[in-house]
2 protein chains.
Amino acid sequence: MKKKSTITIYDLAKELNVSPSTVSRALNDHYSIGKKTIKTIKKLAKDRGYSINSVAASLRKQQTNNIGVLVSWIKRPFQSSLISGMEEAARESGYNVLISQSHDKYDHEIENTNAFYDSRICGLVVSLAMETTDYKHLERFIDNGTPVVFVDRIPGHLDGYKVVINNFESAMKATLHLVEQGCRRIAYFGGTENQVIYAERKRGYIEALKLSGLPIDESIILHGDNLSADEGVKWTTYLLGLDNPPDGIFSTNDTAAVSAIQYAKSVGKRIPEDLAIIGFNNDPLCLIIDPPLSTVHHPAFDMGKLAVEQIIRIMEAEETIPVQTIMLETEVIIRASSLRKKPLD
Amino acid sequence: MKKKSTITIYDLAKELNVSPSTVSRALNDHYSIGKKTIKTIKKLAKDRGYSINSVAASLRKQQTNNIGVLVSWIKRPFQSSLISGMEEAARESGYNVLISQSHDKYDHEIENTNAFYDSRICGLVVSLAMETTDYKHLERFIDNGTPVVFVDRIPGHLDGYKVVINNFESAMKATLHLVEQGCRRIAYFGGTENQVIYAERKRGYIEALKLSGLPIDESIILHGDNLSADEGVKWTTYLLGLDNPPDGIFSTNDTAAVSAIQYAKSVGKRIPEDLAIIGFNNDPLCLIIDPPLSTVHHPAFDMGKLAVEQIIRIMEAEETIPVQTIMLETEVIIRASSLRKKPLD
DNA sequence: TTGTAGGCGTTATCAG
DNA sequence: CTGATAACGCCTACAA
C-alpha cells in the first residue's frame, strides 16, 4: 500500500511565511502566540485539511495517547459494558483505546501486554485472566512510569490503582437475602479462588451463613473455570441429585444462574418455591429469563469510565498520585427468582 | 508522568560493537545478516529487555500497525462478537485494534474517524451509524491509501471492500418460514431504510409475501431508530390493538423480537399459536426467552475476523487488490417461537 | 555482510 | 512574540 503525501506543519509554515515552530505552537494554543496568528494558522490548517501526525508527536513527546485495555472476553455483557465506559471516557479526553482479550489465559495476557508495551501505550487498564497469579508482565509498565489501573479482577498481592466493587459485602447481602426468603441450605457457584473477586464473594457467602446460624457445607460450594452455562447445568444437575438438595443458589454470575433456572425448571422444580436463585452482574438476560433473575447490580459501565478517568488523572497530574482503590456501590436487585415472601406492607 | 529511559538499538549496538543498522536488520531478520549475528543480537535484546519502539518505527515506515474499528454500540451482543473476531484476527498478525463507538450518531462517527486519521491507523473497519448517509469522512482514508472495509452496515452508494450477509435472502427465508407455519398476516420490525441492511431485509420480507400471494400492508411495516426493547413493546402494543392484528412478526433484530414475546405473553397471547415470531442475529437471549426465539443466525464473529483479514491482505499485498464484497451464509434457526406445525416426518 | 547518514513530523530549548 | 535547531528511535538507500 502506498500512502499519498500528506500536508505537514512545514507546508502550512511555508504558505504563511512563518516558521514551523510557530505553526506548531499555534495549533497547540501556546500562550506566547498572538490570538490573531493562531486564528490565521488554524484557518489555513482547516482549509488545507491538515491532520496532525500523532505518531510523530508521540515520538517527540515520548508519550502516545493510546490507552491499552486488557479484558478476558469482549463478548461477555459485563465486559463489553466495561469497555464501553472506557471508550467513552477516553474519547472525551482525546485518547484512543486499544483493546485485547486474554481469553482468561495467562499466556495470552503476556503476549498482549507485550504488544501493548511495544506500542508505548500511555496507560493500561487490566481485568486479569482467570489463570493469572503473577504480575511481572504488568510491573514492567509501572516501572517505566506507565500507569496501570486494575479493574474488577484485581491482583491479590500487588499494590496498585484499583477500581472494584465490594465483593464481600455484595455476596453477603445476596446470600442474606436468600436467607430472609426462607432458604436454609444455599449452594454457591463461584470461579477460581485464585481470583480475588471470587475469594471475596465466597467469603461474603460464608459470612452470611455464619451470621444466620446456618451450617457451611463444602459439598454444595462449587468452583469452576468459567462459570459458563454448561457449568451451571452440570452443577445444578449434581445439586438436585443430592439426597438433601439445596433450597437456594447464590451464583457469582448470571450466566450460570440462568442455566440453573432453566435446568431446574426442566426437571419440574418450581422457582423460587423449591429453589430460590440469585445471580451476579445484572446482565440483560436477567429480565429475559422466566422468572426474572434476582441479581447484584454491577456498575460495569461506570467502572470502566472511572478506571480510564483515573488513568488520565494519573497521567496528567503534576505530582504523583498515591495508589488508591476506588470502591463502587452495588445493589441487590430482587426479582421473582428469589422472592418467596410477599413484601410486608 | 515521567518515563524512565528505555533501551534502544543504539544501546545494543554499542554493547556488541556493531552499528545500529545491523541491530535493526538482525531484529527484523534481514536476509543480509548472518545467522549467527542475528542470534547473538536477539539474545542480547532479550537479555536486556529490549522492546522495539513501535512509535518510532511507525513514523519512519509511515505505517502504523493499528487497525481502527468503528461500530455503533460495543455492548450489543452482535457487535461485541464482531469486535471479538476482529481482535483475534488482528492480534494473530501482529496488529493492534483501536476501538470507537458512534452510538449511531453521524457526528460521533465523524469525530471518531478524525481521531483515527490523526493516529494514522493502517486500516479501518466500519459498521456505519444508523444516521450516516454520506461518506466523505471515510473517503479520506481511501484517498490516502488506507484500506477501509465495511462490515454489516455498509454504505449504499460507495464502492469499497465489504463483508456482509445476504440480507435480502435471509429476510425472505425467515418470512417464508412464518408463512409455512401458517401465518397469513406478518408484521415487520425494521431499522431506518437509509441503511442498506434494513432496506434489503425489508425487500426480502416483501418478496416473501409476494411469492406467497399475501397482501402487503404498510400499516404493519414498522421502522425504528434503534430496534430497542422499548420499540418492540411499543410496536407490539400497537399491533395487538389493531382490529385485525397480525399472526406473525418478522423482527430484524432479536432484542425487539424478545420484547414482543414478553409483551404479547403479558396480555395473554400464546406464542406461537396466536402470534409466531422470528428474530435476527441469534443473540444469546434467544435461548433464554420462553419460548425460545427462532432467528437468523448471523456469523458476527466470522465477519469480524474476515474483515480484518481482508484489511491485512490489502495492506500487505504487493499490487492493488480489486474491490470486492464477501458475502457470508446465514441460517434460519427454527425454535419454538415460530413452530406451529410439527415437523412432517 | 556491515556501516554511515539522513529523514519520518513533531515539539522543546534556546536565542533573538 | 517568533525563529532556528536538535532530538525522539527507527529504517533504509547508499557506500564500503
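So you know, we letter chains A, B, ... as the sequences are listed, proteins then strands, and number each from 1. Only this structure's heavy atoms are used, side chains among them; waters, hydrogens and symmetry mates stay out.
- Between B:Asn144 atom CG and C:dC8 atom P the separation is 17 Å, expressed in whole Å.
- Within 3.5 Å, a donor on the side chain of B:Arg25 pairs with an acceptor on the base of C:dG3, or the reverse.
- Rounded to whole Å, atom P of D:dT2 lies 16 Å from atom CG of A:Leu12.
- Taking every heavy atom of both residues into account, B:Ser51 and A:Tyr117 meet most closely at OG-CD2, 3.2 Å.
- Nearest heavy atom pair, residue B:Trp73 against residue B:His103, reads CZ3-ND1, 3.0 Å.
- No donor-acceptor contact under 3.5 angstrom links the side chains of A:Asp152 and A:Ser127, judged on distance only.
- Distance from the side chain of A:Ser32 is smallest for D:dC1 among the nucleotides D:dC1, D:dC8, D:dC10.
- Contact check, B:Tyr50 against D:dC10: a side-chain N or O comes under 4.0 Å of OP1 or OP2.
- When distances run from any side-chain atom of B:Thr22 to the nucleotides D:dG9, C:dG9, C:dT2, the shortest one goes to C:dT2.
- Within 4.0 Å (heavy atoms only), A:Ile9 reaches at least one base atom of the nucleic acid.
- If you take NZ of B:Lys35 and P of C:dT1, they are 11 Å apart, rounded to a whole angstrom.
- With rounding to whole Å, B:Ile38 atom CD1 is found 13 Å from C:dT2 atom C1'.
- When distances are taken from the side chain of A:Ala56 to each of C:dT10, D:dC10, D:dG9, the shortest belongs to C:dT10.
- Look at CZ on A:Arg60: it is 16 Å from P on D:dC10, rounded to the nearest Å.
- Under 4.0 angstrom from either OP1 or OP2 of D:dG9 there lies at least one side-chain N or O belonging to A:Gln62.
- Atom NE2 in B:His30 sits about 14 Å away from atom P in D:dC14, given to the nearest Å.
- Between the side chain of A:Ser21 and the base of D:dA4 there is at least one donor-acceptor pair of N/O atoms closer than 3.5 Å.
- Here the two rings, on A:Phe150 and A:Tyr161, have centers that are 6.0 Å apart or farther.
- The separation between A:Tyr31 atom OH and D:dT2 atom P is 13 Å, rounded to whole Å.
- Following rounding to the nearest Å, A:Ile41 (CD1) and D:dT2 (C1') show an atom-to-atom distance of 10 Å.
- For the pair B:Arg140 and B:Phe116, the NZ or CZ position fails the cation-pi test of under 6.0 Å to the six-membered ring centre and within 45 degrees of the ring normal.
- Comparing A:Ile33 and A:Tyr10, the nucleotide of DNA chain D nearest to each residue sits closer to the 5' end for A:Ile33.
- Sequence order on DNA chain C of the closest nucleotides to B:Lys61 and B:Val18 puts B:Val18 first from the 5' end.
- Among the atoms of the strands shown, only primed sugar atoms or phosphate atoms (P, OP1, OP2) are found under 4.0 Å from some heavy atom of B:Thr8.
- A sub-4.0 Å separation between OP1 or OP2 of D:dC8 and a side-chain N or O of B:Asn53 is absent.
- Here the straight-line distance linking atom CG of B:Leu70 with atom NE2 of B:His137 works out to 7.5 Å at 0.5 Å rounding.
- In this structure, the nucleotide among D:dT2, C:dG3, C:dT10 sitting nearest to the side chain of A:Ile52 is C:dT10.
- Both B:Gly34 and B:Arg120 sit near DNA chain C, but only B:Gly34 has its closest nucleotide nearer the 5' end.
- Contact annotation: A:Thr37 reaches the phosphate of D:dT2 (side-chain N/O to OP1 or OP2, under 4.0 Å).
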